[in-house]
2 protein chains.
Amino acid sequence: MAAAAPPPPPTPAPEGFNDVPRGSTPMGYPLFSRIRLAHPTDVPHIHKLIQQMAVFERLTDLFVATESSLSSTLFTSPPFQSFTILVLEVSETPFVEHLQCNNSAYPPTIKTHNLDLPIDDAERDLFRSNGGDAVVAGFVLFFPNYSTFLGKPGFYIEDLFVRECYRRKGLGKMLLSAVAKQAVKMGYGRVEWVVLDWNVNAIKFYEEMGAKILQEWRICRLTGDALNAYVNA
Amino acid sequence: MAAAAPPPPPTPAPEGFNDVPRGSTPMGYPLFSRIRLAHPTDVPHIHKLIQQMAVFERLTDLFVATESSLSSTLFTSPPFQSFTILVLEVSETPFVEHLQCNNSAYPPTIKTHNLDLPIDDAERDLFRSNGGDAVVAGFVLFFPNYSTFLGKPGFYIEDLFVRECYRRKGLGKMLLSAVAKQAVKMGYGRVEWVVLDWNVNAIKFYEEMGAKILQEWRICRLTGDALNAYVNA
């Protein structure tokens, strides 16, 4: 996984112009992003992100996960072999220290974005990552699936989410690209996920990323009492 | 997994009635079915079943799997932890010997069906299982998926297929039930799969099995050149 080099330090402001807002320099407002493997201490943030996603998808009635249920069912196998989470962090200062997230299975991906305007993150404190400048801005959860037609595995993305104030900055594309790159690296044949048919922005985004939307297939779901009835069937 | 007891031996025909066809007795034509974990030696049969499924789904252009690609990507982890295949066998004589398919992870499920008419299986020799009376009639391939809303795993069924001449006898229901039972046994929250929107018989069958058809979701797929482009993205 290639990591973008850290940007050069901002050009010092000319004498007498120390009060010029950073946004008026050619640098704009740098935002540094990092994608890394999640670890169990990320669960509280991941839980909040899933909750926000349920609100966005108008599906809060289906949301019953707790931090405890996530903790006991995730992180049970090596990355990419089963349920895998990549966390997206952003910071206004460069990421200089990867000790905590260095993992031979997945070196962190780093990128610099030059924004025209600073981001007003009202939930900064809620999503602060490890007490530093970085905040958690999104995540992707995926796991292997299998295509019998191709005769090889792929990845299925269960969730891809970027918090509202960080959208339309290429961060969602970074998360999806990270999964696609990993799939290619492992010789996998497909990356698949689902989208709500009314979410036209997402559909446009996914098509621009090279995905085909399969119009003919419908998901069938057996859950709750209907599923539990099978125990004595 | 409860196994149905073998049926009593057929009632001897009354003297002088030895030539009466079996179908005229109250027993009808017994068919014995068994669901067991697949093993690598089943791959040639599984490959042929996938090919028949591709023909049925009018998707032969997507079918490129070979016995070799299946062998090298399946059977790589313990059952239920990743890609898992259950094979459905049928026989006109009872299954008396389970040595080959006994597995503490999944004892075989056995059932007896009383048919009104015998089944004319033109492909009997192609699908003969282990040189005995049994033939392979179908399979189901599934693997764990994850619901972040439930905070727990489920199973995703990639394929469920019963050969044409064995359909409408409850065998597909047996395969789906086997996966649903296993999901409940493992404390999983959902069993999901997809269906083509024109396959009204399948949709009716799945609804009768307790499944909900999710009309709003569409599958997105990144594959082939569009996926490979990400390696240098």
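Each chain gets a letter, A, B and so on, in the order the sequences are listed, and its residues count up from 1.
- In terms of non-hydrogen atom pairs under 4.5 Å with chain B, the most contact-rich of L70(A), I46(A), I203(A), L176(A) is L70(A).
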(message) Go through it in stages, so that I can follow the logic: the residues are K212(A) and L222(B), the test is side-chain contact (heavy atoms from CB on, under 4.5 Å), and I'd like the CA-CA distance, side-chain angles, deciding distance and then a yes or no.
(response) CA-CA 6 Å; K212(A) 291 244 183 318; L222(B) 190 56; over 6 Å; no
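- The part of E158(A) that comes within reach of chain B is its side chain, from C-beta onward, which places non-hydrogen atoms under 4.5 angstrom from that chain.
- Listed options G210(B), S68(B), G154(B), A183(B) were ranked by heavy-atom pairs under 4.5 angstrom with chain A; first place goes to G210(B).
- Chain A forms more heavy-atom pairs under 4.5 Å with one residue of L141(B), L196(B), V184(B) than with any other, namely L196(B).
- With chain A as partner, the option from F143(B), W193(B), F142(B) having the largest number of non-hydrogen pairs under 4.5 angstrom is W193(B).
- Interface summary for chain A: among N228(B), T223(B), D225(B), the most heavy-atom pairs under 4.5 angstrom belong to T223(B).
- Of the residues D197(B), N199(B), I219(B), the one that meets the side-chain contact (heavy atoms from CB on, under 4.5 Å) test with W217(A) is I219(B).
- When each of S82(A), A180(A), G224(A), S72(A) is scored by its heavy-atom pairs under 4.5 Å with chain B, the top score falls to A180(A).
- Residue with the most contacts toward chain B among N145(A), L59(A), D159(A): N145(A) (heavy-atom pairs, distance under 4.5 Å).
- Using the six-membered ring where Trp is involved, F63(B) and F149(A) have ring planes that are perpendicular, over 60° apart on the 30 and 60° scheme.
- E192(A) CD to L227(B) CG: the interatomic distance, rounded to the nearest 0.5 Å, is 10.5 Å.
- There is no contact between F155(B) and chain A, counting heavy-atom distances below 4.5 Å.
- Neither the backbone nor the side chain of I157(A) has a heavy atom closer than 4.5 Å to any heavy atom of chain B.
- Looking at Y146(B), the atoms closer than 4.5 Å to chain A (heavy atoms on both sides) sit in the backbone and in the side chain alike.
- Between the SG atom of C220(A) and the CE atom of M209(B) there is a distance of 11.5 Å, given to the nearest 0.5 Å.
- With chain B as the partner, the residue from V64(A), I50(A), V191(A), V195(A) showing the most heavy-atom pairs under 4.5 Å is V195(A).
- Ranking I213(A), T73(A), T60(A), T66(A) against chain B, the residue ahead of the rest is T73(A), based on heavy-atom pairs under 4.5 Å.
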(request) Please report the C-alpha distance between V231(A) and K185(B) in whole Å, then the side-chain angles of each, then the deciding distance to 0.1 Å, and finally whether the side-chain contact (heavy atoms from CB on, under 4.5 Å) criterion is met. (result) CA-CA 7 Å; V231(A) 74; K185(B) 189 177 164 188; over 6 Å; no
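- Between the CH2 atom of W198(B) and the CZ atom of R218(A) there is a distance of 13.0 Å, given to the nearest 0.5 Å.
- If you measure heavy-atom distances from F83(A) to chain B, the contacts under 4.5 Å come from the side chain alone.
- Remark: T76(A) OG1 to Q81(B) CD distance equals 8.5 Å, nearest 0.5 Å.
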